[in-house]
Amino acid sequence: MLQLRPNCECCNRDLPNESTEARICSFECTFCRACAQDKLDSICPNCGGELVVRPRRPAEKLAKYPASTERVYKPAGCRAQN
Ligand SMILES: [Zn+2]
Ligand SMILES: [Zn+2]
C-alpha cells in the first residue's frame, strides 16, 4: 500500500492525498510536479527510477487507510541529473 507521504523531498511543499501535483517513484520517493519536471527531468534522484503521477486514495478509504504523516525532506539530494 502506498504511504502517501505528505510533502515534496526537494522543496518540502505539502502534497496531501488530494493533490494532483504529487509524483512518486517505485520506492515512493515523493516530489511535487515542479521539482519532478523542472529540476529532476522526471527521474528520481535517489534511485534513478521514473517519477509518475501519484494516484489519489478515495476519501472514504482514508479513514481506514490513512496517509503517512512522516515528512521526508532531503534537499541535498535534489539535483538535476545533467
Ligand atoms: Zn518540490
Ligand atoms: Zn526513488
Side-chain angles (χ1 to χ4, degrees):
M1 188 174 79
L2 291 179
Q3 296 173 30
L4 298 170
R5 293 178 188 170
N7 67 306
C8 172
E9 285 190 20
C10 268
C11 66
N12 204 25
R13 74 181 267 181
D14 288 339
L15 293 170
N17 169 64
E18 313 77 51
S19 174
T20 57
E21 302 278 295
R23 301 291 183 270
I24 59 172
C25 77
S26 71
F27 295 102
E28 216 178 330
C29 308
T30 303
F31 303 94
C32 69
R33 182 178 61 176
C35 289
Q37 287 183 349
D38 300 340
K39 296 184 189 171
L40 303 172
D41 204 17
S42 293
I43 299 294
C44 175
N46 301 321
C47 70
E50 306 164 87
L51 293 173
V52 299
V53 174
R54 186 178 69 186
R56 286 167 291 165
R57 184 163 298 161
E60 70 271 18
K61 302 292 185 195
L62 273 178
K64 189 171 179 185
Y65 303 103
S68 170
T69 57
E70 188 177 328
R71 300 180 81 86
V72 177
Y73 181 40
K74 300 180 200 168
C78 182
R79 283 189 299 270
Q81 299 295 298
N82 46 12

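Throughout, numbering of the chain's residues begins at 1 and tracks the sequence. In each ligand, atom 1 is the first atom listed, and ligand 1 is the first ligand listed.
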Requested in this report: Indicate yes or no: at least one non-hydrogen side-chain atom of Phe31 is less than 4.5 angstrom from one of Cys25.
Outcome: no

Query raised in the report: Should the SG of Cys11 and the SG of Cys78 be checked, would they turn out to be under 2.5 Å apart?
Result: no

Query raised in the report: Can Ile24 be reached from Leu15 by stepping across I, L, V, M, F, W or Y side chains whose heavy atoms are under 4.5 Å apart?
Result: no

Query raised in the report: With the Zn ion (ligand 1) at the apex, how many degrees lie between SG of Cys32 and SG of Cys11, rounded to 10 degrees?
Result: 110°

Query raised in the report: About how large, to 10 degrees, is the angle SG of Cys29, then the Zn ion (ligand 2), then SG of Cys44?
Result: 90°

**Report entry** Angular separation of Cys35 SG and Cys8 SG about the Zn ion (ligand 1), given to 10°
**Finding:** 110°

Requested in this report: Please note down the angle at the Zn ion (ligand 2) between SG of Cys47 and SG of Cys25, to the nearest 10°.
Outcome: 100°

Requested in this report: Flag yes if more than 12 heavy atoms outside Arg71 fall under 6.0 Å of its CZ atom; otherwise flag no.
Outcome: yes

